[in-house]
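A quick write-up on the structure given underneath.
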Amino acid sequence: MLKIYNTLARDKQDFKPIVANTVNMYVCGMTVYDYCHLGHARVMVVFDMVYRWLKASGYDVTYVRNITDIDDKIIKRAAENKESIHTLTQRFIDAMHEDADALGVQRPDHEPRATQYVPQMLEMIAKLESNGLAYQAADGDVNYAVRKFDGYGKLSGKSLEDLRAGERVEVASDKHDPLDFVLWKHAKPDEATEVQWGSKWGKGRPGWHIECSAMGTHLLGQHFDIHGGGADLQFPHHENEIAQSEGAHQCQYVNYWMHNGFVNVDKEKMSKSLGNFFTIREVLKKYDAEVVRFFILRAHYRSPLNYSDTHLDDAKSALTRLYTALKGAGNVDLPVQDGVDWNEPHAQRFKAAMDDDFNTPEAVAVLFDLANEVNRSQSAEAALQLKALAGVLGLLQRDAQEFLQGDAGENGLDDAAINAQIEARLAAKLGKNYSEADRIRKELLAAGIVLEDTPQGTNWRRA
RNA sequence: GGUGCGAUAGCAAAGCGGUUAUGCCCCGGAUUGCAAAUCCGGUUAGCCCAGUUCGACUCUGGGUCGCACCUCCA
């Protein structure tokens with residue numbers, strides 16, 4: 001039985017889908033005005049892992065991850081770049097897909113863009129207004145009247161009084177209450193027509209929170225199983241989503257709320273505002289994408305994850321061990337489908353770990369135990385099982401040789417040059433000229449090439 | 001100030017009231033011409049103070065420290 005830590009309950013709970021064998025899942029995606037950083041990589045990889053595990057568990061999953069393609073920052077950036085909103089967002093959506101693909105993240109079943117769901121948002125705002133939860137302020141904005149919604153604060157555990165106490169300096173606005181949030185922003189005179197939609201409240205554009213409520217509802221229904229996102233979205237974003245959706249539909253919105261931890265740098269949250277972020281593509285210049293994926297999955301999704309080159313190096317060494325085991329066992333190459341023998345002890349431990357709130361560190365530990373067995377027994381079956389289990393996490397699916405030898409890179413030696421050196425070394429070895437053989441090996445090592453002599457000949461890999 | 005989360009060996013990171021986590025690093029042995037890889041073995045833990053218990057890293061209480069949210073943020 002799968003257990004999921006539900007932020008709503010602040011506890012692990014048995015997972016019971018609304019409709020048997022079916023899971024509807026929504027995850028808050030990116031606001032596309034810049035390249036994704038490692039924090040974004042974590043959300044994508046973590047929920048990709050969840051998606052894969054649910055499917056591996058036999059559920060028919062519909063996974064939605066939205067794209068926010070209309071927002072203040074996007075408008076600002078487009079203006080700075082002197083380009084249209086559409087050009088800007090499309091460029092970064094393409095970049096996001098490139099990054100996600102590299103990390104082995106499967107495409108969600110739906111990737112709705114906010115700009116394509118404005119009618120649904122307006123419809124929802126109208127419902128809120130007729131339910132007495134929304135009002136148009138003097139400045140033209142339509143706001144949500146937070147105090148009219150009873151359950152406000154149930155997700156984040158905040159009371160309205162607490163929020164008041166911590167209230168920061170506010171920009172002057174016509175909100176009835178400082179805690180009210182915007183559903184519909186009235187158009188400003190200097191804004192491009194591209195960011196204006198007509199509505200019964202006048203021209204304008206949607207607020208951030210209503211986007212997710214409308215898209216989630218439209219694609220998954222008024223009540224669905226899982227909603228995920230970064231821990232920083234818990235408040236106010238997800239709290240507001242609940243207020244909107246439950247306020248409009250008068251029924252429970254989501255059963256299980258999942259939040260992943262941050263990627264930290266020097267123990268501090270990686271973020272745009274702190275400027276301490278590394279973009280995915282930046283990191284991928286230095287590290288193999290699978291190493292990055294492994295780095296993310298070997299930590300529990302709710303724990304903080306500290307980023308540093310040292311940690312990536314460590315992850316690389318560890319992943320190398322797994323691939324080495326596969327290579328040693330003849331690099332078994334069979335389809336992943338139906339590959340896992342779930343009755344086998346390692347698979348059972350793996351499943352138990354994954355069913356325990358997606359405990360990937362434990363599941364990865366099982367992979368290492370299996371690798372040890374593969375190395376000891378040289379059993380093709382064990383190797384197959386290792387590859388199949390790792391495949392459930394989206395790992396170890398490449399040709400082992402290819403992973404271990406990697407790319408030559410900018411100034412690296414190419415395969416031909418390496419093989420020529422290996423030949424030369426072999427000749428020296430046959431002539432018992434070990435000092436020459438060792439010199440060649442040392443030279444290659446300095447170039448980042450590690451040699452391994454085996455009874456079948458000399459193998460090489462990139463360090 | 002309010003709320004929440006965390007503190008495990010050199011580093012990273014899990015489970016568990018009593019029995020080896022796991023990976024990287026380090027040490028010894030096997031193997032190797034020597035290495036590398038691999039195997040076998042080993043060293044290094046549980047922030048502090050109380051309490052519960054036959055027994056606590058694991059439960060309870062207090063403290064200390066760190067982080068996050070309370071504002072856009074994955």
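Chain A is the first sequence line, chain B the second, and so forth, proteins listed ahead of strands; every chain is numbered from 1.
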Contact class for [X] (heavy atom, under 4.0 Å): base, sugar-phosphate, or nothing?
{"X": "Lys316(A)", "value": "nothing"}
{"X": "Met270(A)", "value": "base"}
{"X": "Arg302(A)", "value": "nothing"}
{"X": "Asn372(A)", "value": "sugar-phosphate"}
{"X": "Lys272(A)", "value": "nothing"}
{"X": "Gly261(A)", "value": "base"}
{"X": "Lys432(A)", "value": "nothing"}
{"X": "Arg65(A)", "value": "nothing"}
{"X": "Asn260(A)", "value": "base"}
{"X": "Leu233(A)", "value": "sugar-phosphate"}
{"X": "Val366(A)", "value": "nothing"}
{"X": "Phe235(A)", "value": "sugar-phosphate"}

(request) Search all heavy atoms of Asp141(A) against all heavy atoms of Lys185(A) and return the closest pair with its distance. (result)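 Smallest heavy-atom distance, with atoms named: OD1-CA, 3.5 Å.
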(request) Might you point out which heavy atoms bring Arg42(A) and Ala299(A) nearest each other, and give the distance in Å? (result)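 The answer is NH2-CB, 4.4 Å.
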Do [X] side-chain and [N] base share a donor-acceptor contact under 3.5 Å?
{"X": "Lys158(A)", "N": "C70(B)", "result": "no"}
{"X": "Arg321(A)", "N": "C24(B)", "result": "no"}
{"X": "Asn359(A)", "N": "G15(B)", "result": "no"}
{"X": "Arg42(A)", "N": "A74(B)", "result": "no"}

(request) Give me the residues of residues 303-313 of chain A where at least one heavy atom lies under 4.0 Å from an atom of RNA chain B, by number, or none. (result)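 Only Ser303(A), Pro304(A), His311(A) qualify.
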(message) Given Val105(A), which partner from the list Met44(A), His97(A), Met96(A) fulfils the side-chain contact (heavy atoms from CB on, under 4.5 Å) test?
(response)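 So, applying the side-chain contact (heavy atoms from CB on, under 4.5 Å) to Val105(A) and each of Met44(A), His97(A), Met96(A), only Met44(A) qualifies.
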Take atom [atom1] in [N] and the same atom in [M], then report the distance between them in whole Å.
{"N": "C40(B)", "M": "C57(B)", "atom1": "C1'", "value": "29 Å"}
{"N": "G66(B)", "M": "U71(B)", "atom1": "C1'", "value": "23 Å"}
{"N": "U53(B)", "M": "C48(B)", "atom1": "P", "value": "23 Å"}
{"N": "U19(B)", "M": "G6(B)", "atom1": "C1'", "value": "28 Å"}
{"N": "C25(B)", "M": "U43(B)", "atom1": "C1'", "value": "12 Å"}
{"N": "A12(B)", "M": "C67(B)", "atom1": "P", "value": "15 Å"}

(request) Considering only NZ, NE, NH1 and NH2 on the basic side and carboxylate oxygens on the acidic side, decide whether Arg205(A) and Asp71(A) come within less than 4.0 Å. (result)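 Not counted as a salt bridge, because no side-chain N and carboxylate O are separated by less than 4.0 Å.
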(message) From C-beta outward on Glu362(A), which listed nucleotide comes closest to its side chain: C72(B), C70(B), G15(B)?
(response)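 Taking heavy atoms from C-beta onward, the closest nucleotide is G15(B).
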(request) Assert yes or no for the condition that the ring centre distance of Tyr256(A) to Tyr5(A) is strictly below 6.0 Å. (result)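 Between Tyr256(A) and Tyr5(A), the centre distance exceeds or equals 6.0 Å.
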(message) Does the structure show a Watson-Crick or G-U wobble partner for U8(B), both distances under 3.5 Å? Name it, or say none.
(response)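 With both distances under 3.5 Å required, U8(B) matches none.
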(request) Look through every strand shown and name the nucleotide pairing with A13(B) as Watson-Crick or G-U wobble, where both distances are under 3.5 Å. (result)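 None - no nucleotide pairs with A13(B), as no candidate has both distances under 3.5 Å.
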